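The structure appears below as structure tokens.
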Amino acid sequence: MLLYEFKLAFKSLRKNPILSSLMIGAIALGIGVCMITVTMFYLMSGDPIPHKSDRLFAVQIDSWSKERPYTGSTNEMPFQLTWPDSTALMNRAPDFPQTAMFKSSMIIEQLQQGSELRREIVRITGRDFFSMFDLEFIYGTSWTEEMEQQAQQVVVLSETVNNELFNGQDSVGESIRVDDREYRVVGVVKDWNPVPNFYDLNNGSIEDPEAMYLPISLSEPLAMTTAGNTNCWKPSTGSGPQAVYQSECVWTQYWVELKNADEVAEYRNFLEGYYAEQQQLGRFERPQKVAVSNVREWLNINQVVENDNRVLVGLAFMFLSVCVFNTVGLMLTKFLGRSKETSIRRALGATRMTILRQHLVEVSSIGFVGGILGLFLTWAGLSVIKFATDIPEQLLHLDLQLMALALILALLATLAAGLYPSWHIGRISPARYLRT
Amino acid sequence: MEIRPILSAMLRNKTGAILIALQIAFTLAVVTNAFFIIYQRWEKINRPSGMDMHNIVTSRVQWVGQDVDYKAEILRDLEALKAIPGVTHVTTSNAIPLSGGGSSRGVSAERTEDTEWTATGSFLLTQDGLDSLGLNLVSGRNFTLNDVVWFDPEVDELAQNVIITQALAEHIYPDENAVGKTLYMNDSELTVIGIVERMHGSWVSWSGLERNMLVPMVFPGSSISYIIRTQPGLTEEVRSQVKQTLLDINNRRVIRRIRVLEDVATSSYGSDSDMMVILSSVVCLLLLITVVGIVGLAAFSVNQRTRQIGTRRALGARRYQILRYFLVENWLITSIGLTLGVLLASAFNYYLVVHFELERLDWFYIPMGMAILWLLGLFAVYGPARRASMVSPAIATRTV
């Protein structure tokens, strides 16, 4: 029966090619426009590290001035920590995988001088970073606890840099120069570039992958400077690159991995104790406030999905509804156009249900074809946008879920459009068109 | 005119009319709000920056090595850059305006317990700073060589005199002449020696974009920016020479982002122009869909009514009357849709204002959108209506 209905639907689509293609076109266009905006929205609001996002926590401590709260964030706490707080946490917090980190702009070259100088963004971080964020090692491993404690000059390279400096060979044990100092390679990781780059959202949510990773124990002795944001409420005493390490300015990100609610409670407890202690020592003049937020919460606090993005999705769905109204009209036209045929079928014994079903099958076929075409339009549209705008490529690719969503949306939209016309046509009286 | 019969005919066959009206309503809601957003972005991108956008080349330099005499290096660089034919002024800077990177400080006209600090963009320039950026000094005086402080951690001295933008002056010294006033910045006290008409700071989407403070100071350190003003028309030539000129002096450094200021701005406004492009495409496609929908439904209703049209013609109606009938019918439907659309557009805009911090829709976008849709509706229905007017009176006498 269903096969017969599909056959009829196909015949009917072919019989009236202009109307059919208009309908399919309207649905496809609606789906295309919707899916383009949804793709950008979805990739921006997506979970950048799905298997771990509920176990990784960003740490915030309200170290701001007593006169006014920090205004830049939605929970009125600075996004970053001061260096003294980061150090205290790394040394004294309960023993969970955790690390402070920041990015720095550095100049890289091969060991023997005279080669080309490359300026790269480098992440300064602890050894737990690699396991916490699941970076994948191609060669070697992270630096050891011992190397970190002794502040040895070691480096983990990204694949891209390893390809360019060492032709992709195993470079563990080799050395390079970073800011004119010699560093020994201990590992090479695959380029790590989650979208959004949740671990450091201070300079936007999409950035190029970082070139390499250096131990955070080196940062203060070598007076490394951050290439990210530094926010201060109190002037630093003294000047020069060292001063910021003693200041109340916030400039380091801090993450901890906690496996369950107990661990979260334990960690939060420690933070509260630390806050109280520092208050006693005369720091932290605001009411006690600390936060540990998992990745999802962190993305919300940072308002990663931009308003433009949401507005576009809203507009796109209004666009789709216009397409649906349009399709209703076209379907009505088409179905009423063959009232006579329907009327005869009814007279020959087809029930209303049969007529309704047959039309819904036809509608679904239109929806399916429209969905496929819509997917193609989405792909084409995304390619045009990739070409014509500065929107980062990472936001413009379709995955399987999005494709499935496009087809489902197309079917739903067409069914919504086809319901009334199908029902309307089902009510045609058998006798009406039999009279001459 | 035959409005009454048209209305009663419409009431007998509501569905088609309702569908078109709904399409028109949604289209109006989308088009007015989209136009509004597009225009706002256009305005944002095109507001005057106060700087000589086309004749400024900027670059960022980062040294490598531990024992570099940065002050000597920078002085040599400035000399060499100024010697490039076509260069008129050069300054160092901590940041490039409009680039998205920079520094902001809290400043105030007074310092008390509950001082409201005003976040202000801070640019550290040499005595040639104003000329290098092409800023317009409206009162007070420009920097001189004596104002400029080269920071030295041993001495730990900061610059005393600053020039501020008019926007900052009006913000912290309302109704007063700011020249000669004291400006507090954290613990330091600065003196305002001049006011520039306008200058855009680092972050194009920040509300404080026009509040800036120019400080005659150089922090010699491992990286610094150069801002190079050129004679009109020689910008590209100068730009192509910057890198080699600097590397010839010392090649143990990386010279990055050698860009004309105009291009710096274009890339910072990228998300705004992208939004304009996307919205314009959406509006065009939407209008196309709406027109196609109207044509489709009108053609159908003409088809359905061929016999009635023939009858009317046979009873003496002229062609133009038939044409007019369909045009008026469409006009009525469009108007109903537009009435609904005005409500929808306002509701949608209200939603955007409440949830997305967008501005209220200016009223004239609504009549503008309505006019466009009226015209578009008539244009769409004209074809089918003309075909209707061609129906021969003889049709009436035919049996099917």
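Sequence lines set the chain letters: A, B, ... in the order given, protein chains first and strands last, and positions in each chain run from 1. All values reported here derive from a predicted model rather than from experimental measurement.
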(Q) Non-hydrogen contacts under 4.5 angstrom with chain B: give the residues of residues 318-329 of chain A involved, or none if there are none. (A)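 The list, in residue order, reads M318(A), F319(A), S321(A), V322(A), C323(A), F325(A), N326(A), V328(A), G329(A).
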Q: Check side-chain hydrogen bond (donor to acceptor under 3.5 Å, both in side chains) between T39(A) and all other residues, then give those that pass, not counting sequence neighbours.
A: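 Checked T39(A) against side-chain hydrogen bond (donor to acceptor under 3.5 Å, both in side chains); zero matches.
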Q | Under the side-chain hydrogen bond (donor to acceptor under 3.5 Å, both in side chains) test, residues paired with E359(B) that sit two or more places apart | A |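 Partners of E359(B) under the side-chain hydrogen bond (donor to acceptor under 3.5 Å, both in side chains) test: Q40(B).
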(Q) For the interface with chain A, which of V282(B), I37(B), D272(B), L285(B) has the highest count of heavy-atom pairs at distances below 4.5 Å? (A)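 The answer is L285(B).
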(Q) At a heavy-atom distance under 4.5 Å, which candidate from L288(B), V277(B), I289(B), L352(B) has the highest pair count against chain A? (A)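 That would be I289(B).
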Q: Heavy atoms only: give me the nearest V254(B)-R119(A) pair and the separation to one decimal.
A: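 Shortest heavy-atom contact: CG1-CB, 3.8 Å.
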I'd like to verify something: which residue of [options] has the highest number of heavy-atom pairs under 4.5 Å with chain B?
options	value
R118(A), E116(A), R310(A)	R310(A)
L29(A), T230(A), T37(A)	L29(A)
L315(A), L330(A), D308(A)	D308(A)
H424(A), K334(A), R181(A)	R181(A)

With a 4.5 angstrom heavy-atom cut-off, is it the side chain or the backbone of [X] that approaches chain A, or both, or neither?
X	answer
I24(B)	neither
Y351(B)	neither
L286(B)	both
R41(B)	side chain

Q) With sequence neighbours left out, what residues match W203(B) under side-chain contact (heavy atoms from CB on, under 4.5 Å)? A)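 For W203(B) the side-chain contact (heavy atoms from CB on, under 4.5 Å) partners, ignoring immediate neighbours, are S104(B), W206(B).
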**Q.** Residues, nucleotides or ligands: over 12 heavy atoms within 6.0 Å of K386(A) NZ
**A.**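 Buried by this count: over 12 neighbours within 6.0 Å.
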Q) Got a sec: does the CZ of R256(B) have more than 12 other heavy atoms crowding it under 6.0 Å? A)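 For R256(B), atom CZ is crowded (more than 12 foreign heavy atoms under 6.0 Å).
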Q) Under a 4.5 Å heavy-atom cut-off, does chain B meet the side chain of M23(A), its backbone, both or neither? A)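 For M23(A), no heavy atom lies under 4.5 Å from chain B.
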Value rounded to 0.5 Å, distance of [atom1] in [X] from [atom2] in [Y]:
X	Y	atom1	atom2	result
S223(B)	M106(A)	OG	CE	12.0 Å
D274(B)	I385(A)	CG	CD1	8.5 Å
R252(B)	D180(A)	CZ	CG	5.0 Å
L312(A)	I278(B)	CG	CD1	5.5 Å

Q) So do the side chains of Q62(B) and L117(A) get within less than 4.5 Å of each other, counting heavy atoms only? A)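 No, every pair of side-chain atoms sits at 4.5 Å or beyond.
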Q) With a 4.5 Å heavy-atom cut-off, do V64(B) and E109(A) have their side chains touching? A)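 Counting from C-beta outward, V64(B) and E109(A) do come under 4.5 Å.
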